[in-house]
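To find a chain, count down the sequence lines: A is the first, B the second, and so on, and within it residues start at 1.
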Amino acid sequence: MTTRIDRRFAALKVEGRSALVTFVTAGDPDYDTSLKILEGLPKAGADVIEIGMPFTDPMADGPAIQAAGLRALHAGQNMKKTLKLVKDFRKNDKDTPIVLMGYYNPIYVYGVDKFLVDSKKAGADGYIIVDLPPEEDGEFCIPALKADMNFIRLATPTTDDHRAPTVFRNTSGFVYYVSVLGITGTKAPDLKSVKANVNRLRKHTSLPICVGFGVKTAEQARAIAKDADGVVVGSALVSAVEKSLTKAGKATSKTPKAVHALVSEIARGVRS
Amino acid sequence: MNVTTPNSFRTGPDENGLFGIYGGRFVAETLMPLILELEQAYKDAKADPGFQAELDSFLEHYVGRPSPLYFAERLTEHLGGAKIYLKRDELNHTGAHKINNVMGQILLARRMGKKRIIAETGAGQHGVATATACARFGLECIVYMGEVDIERQKPNVFRMKLLGAEVVPAKSGSRTLKDALNEALRDWVANVEDTFYCIGTVAGPAPYPEMVRDFQSVIGRETREQMMKREGRLPDSLVAAIGGGSNAMGLFHPFLDDKDVEIIGVEAAGLGLRTRKHAASITGGKPGVLHGNRTYLLMDDDGQITEGHSISAGLDYPGIGPEHSWLHDMKRVEYVSATDKEALEAFQLCCKLEGIIPALEPSHALAHVMKIAPKKPKDHLMVMNMCGRGDKDIFTVADILGVKL
């Protein structure tokens with residue numbers, strides 16, 4: 001069966017351009033503002049939306065996304081509310097794919113089967129779970145694929161030709177190529193190595209390859225979009241949220257606009 | 001729960017790094033190839049008699065092993081029951097059991113050609129041990145330590161710096177051991193090419209729980225031999241404190257299949273299990289996934305990790321090694337807890353009766369010994385792991401006792 005993610009990438013292929021994949025943290029800085037941010041993303045140029053499920057101990061994330069998760073948790077965000085956020089978004093947008101991204105523990109505690117049912121019903125399309133490598137596929141990946149949901153794998157510079165077949169075995173939707181060795185939002189990707197690695201990984205998978213970690217500007221996005229099927233922007237958007245807040249960490253009228261303006265700018269880069 | 005007793009409790013983990021449902025390799029893809037490389041390197045080292053011989057030599061001449069098994073006569077008299085022996089791992093070089101594991105891992109890192117060592121530390125004992133071994137072999141050493149712990153363990157911070165290590169404060173989250181672990185993992189992801197992550201306890205992704213256990217098992221192997229020599233038989237009970245659980249696993253593992261040996265792990269109950277201010281993952285937590293393994297964790301209903309609390313920085317961790325979780329479910333080891341207050345009383349009693357200043361970590365084990373020893377017959381042989389000395393804790397204790405230094 002085809003999912004919203006498959007359909008979106010197929011449509012973009014016809015259009016002849018790469019996707020802009022945007023990441024924001026659910027409930028950051030509060031539920032209502034977070035919903036407003038999400039609702040404006042497609043119009044600003046987002047083709048796929050990743051929604052971060054906050055976790056206290058995000059071991060692969062840099063300071064920006066760590067802080068966003070803690071802001072959301074302090075504002076009372078939890079898994080139930082994250083699924084409600086997806087549901088509220090879906091009321092007015094039936095087409096933009098939503099990928100839930102995060103760490104396994106909150107899902108494990110929620111219950112894998114219940115989470116699959118509830119998130120599918122809410123309108124999510126796939127998952128990126130950072131701490132579930134192929135070696136742990138039995139936990140969540142296989143059940144998710146059986147539930148006709150996409151399980152999107154991270155491929156990294158350490159995914160060599162020997163490792164690649166293992167990484168791509170049980171995966172669908174698209175591949176998220178982590179362009180740097182490190183955590184989110186810290187180093188800038190080295191464009192030469194991105195190109196070489198994307199081309200190398202294409203020999204192992206026919207899925208669209210999106211590139212992220214450290215993409216902050218329209219210029220970087222434009223360069224990456226030449227070789228990749230999509231560009232992922234996360235920390236930069238989350239930092240835009242942070243910069244728009246009051247000293248006490250509350251949202252202002254500028255918060256959604258700040259994110260949408262940055263998305264529009266980067267979208268121009270991806271589309272040029 | 002139905003418990004089927006396995007033929008042996010000593011064969012884990014399986015090829016997926018699992019002890020029952022616990023353990024595993026829950027890490028980011030960037031780390032996965034490294035974890036597999038480490039697993040292979042450890043397997044090769046284990047099969048190489050040269051590696052074991054080199055480790056044994058360093059344990060004897062540098063660490064000072066074997067550590068004595070000491071009959072605590074005055075403590076025994078005072079409690080009036082079981083015959084109490086202390087396994088004196090506080091006499092090791094650097095003052096705790098941590099060096100046993102560090103020597104093993106650093107020798108392995110050298111075999112693998114890694115030049116940059118990273119570690120996390122809570123109380124600072126593992127950090128000091130790692131800094132020590134790195135100084136000995138001329139390796140670069142970076143130790144991640146929670147900002148809160150840096151404040152309460154100043155002497156160890158200075159020690160690490162003297163030994164040439166860089167101490168990096170973990171400023172995120174609760175700014176204690178769990179956050180130091182997060183930071184170390186983040187460092188590792190960013191420096192996979194040249195870096196070896198020296199984990200200090202029997203937790204983390206496979207193969208760490210198994211590897212650290214193997215390196216610490218020297219404690220239990222010596223105890224067996226020493227007790228046979230002293231008393232002509234095995235002990236009746238073993239008691240050890242548990243944060244992540246490496247000193248306990250080291251003592252317990254060689255005895256797991258001796259079904260007549262009663263084995264007890266003591267977690268930190270902080271201000272009490274009914275308050276939220278404790279660090280007792282098994283007695284006060286439930287299974288979850290953190291830091292690369294499935295194990296008992298302290299968390300809320302949403303799966304968010306909660307902050308542990310203990311007077312002892314070394315026990316202040318919201319998780320526990322996965323093998324302990326399995327041994328708990330299998331009912332092979334009994335897990336109990338002792339409060340800050342009880343540990344502090346045990347700390348003072350040990351100073352006065354035995355002339356040994358214990359670390360606050362084993363003071364928790366001693367607090368439990370004080371509870372159960374009086375009820376045991378006089379021929380009951382009880383071994384408690386004195387896994388660290390208390391020099392590092394005198395400031396904390398003075399503060400609580402209202403003494404200004």
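- With chain A as partner, the option from B:Thr306, B:Asp302, B:Asp179 having the largest number of non-hydrogen pairs under 4.5 angstrom is B:Asp302.
- When heavy atoms are compared at a cutoff of 4.5 Å, B:Pro287 approaches chain A by way of both its backbone and its side chain.
- For chain A, the nearby part of B:Asp301 is the backbone; its heavy atoms alone come within less than 4.5 Å.
- For the options B:Val192, B:Val27, B:Leu185, heavy-atom pairs under 4.5 Å to chain A are most numerous at B:Val27.
- Atom NZ of A:Lys216 has more than 12 heavy atoms from other residues, nucleotides or ligands within 6.0 Å.
- For chain B, no part of A:Asp160 is nearby; none of its heavy atoms comes within less than 4.5 Å.
- A 4.5 Å side-chain heavy-atom check between A:Tyr103 and B:Leu290 finds every atom pair outside the cut-off.
- Neither the backbone nor the side chain of B:Lys171 comes within less than 4.5 Å of any heavy atom in chain A.
- Ranking A:Val130, A:Thr159, A:Ile107 against chain B, the residue ahead of the rest is A:Val130, based on heavy-atom pairs under 4.5 Å.
- Inspection of non-hydrogen atoms places A:Arg163, A:Val167, A:Leu181, A:Gly182, A:Ile183 of residues 163-185 of chain A under 4.5 Å from chain B.
- A donor-acceptor pair under 3.5 Å links the side-chain atoms of B:Gln304 to the main chain of A:Pro54, judged by distance alone.
- The main-chain N or O of B:Pro33 is never found under 3.5 Å from a side-chain atom of A:Thr158 such that the two would form a donor-acceptor pair.
- Among the candidates A:Asp131, A:Leu70, A:Val109, the residue making the largest number of heavy-atom pairs closer than 4.5 Å to chain B is A:Asp131.
- Under a cut-off of 6.0 angstrom, the local environment of CZ in B:Arg276 is sparse, with at most 12 non-hydrogen atoms contributed by other residues, nucleotides or ligands.
- Other residues, nucleotides and ligands contribute more than 12 heavy atoms inside 6.0 Å of the NZ atom of A:Lys120.
- Contact of A:Tyr104 with chain B is made through the side chain alone, with heavy-atom distances under 4.5 Å.
- B:Asp194 CG: more than 12 foreign heavy atoms inside a 6.0 Å radius.
- In this structure, CG on A:Asp57 lies 7.5 Å from OG on B:Ser174, to the nearest 0.5 angstrom.
- Residue contact with chain B, scored on non-hydrogen atoms closer than 4.5 Å, involves the backbone and the side chain of A:Pro58 alike.
- Ranked by heavy-atom pairs under 4.5 Å with chain A, the first of B:Asp187, B:Asn16, B:Thr30, B:Asn182 is B:Thr30.
- Between the side chain of A:Glu136 and the backbone N or O of B:Arg25 there is at least one donor-acceptor pair closer than 3.5 Å.
- Taking chain A as the reference chain and counting heavy-atom pairs below 4.5 Å, the highest number among B:Met32, B:His291, B:Glu29 is found for B:Glu29.
- Contact annotation: the side chain of B:Leu297 approaches that of A:Asn105 to within less than 4.5 Å [non-hydrogen atoms, C-beta and beyond].
- Contact check for B:Phe26 versus A:Glu135: no side-chain heavy atoms found under the 4.5 Å cut-off.
- When the shell of 6.0 Å around NZ of A:Lys187 is examined, it contains more than 12 heavy atoms from other residues, nucleotides or ligands.
- By number of non-hydrogen pairs under 4.5 angstrom with chain B, the leading residue of A:Pro133, A:Pro157, A:Pro134 is A:Pro133.
- Neither the backbone nor the side chain of B:Leu181 comes within contact range of chain A; no heavy atoms are under 4.5 Å apart.
- For residues 72-82 of chain A, heavy-atom neighbours of chain B at less than 4.5 Å comprise A:Leu73, A:Gln77, A:Asn78, A:Met79, sorted by residue number.
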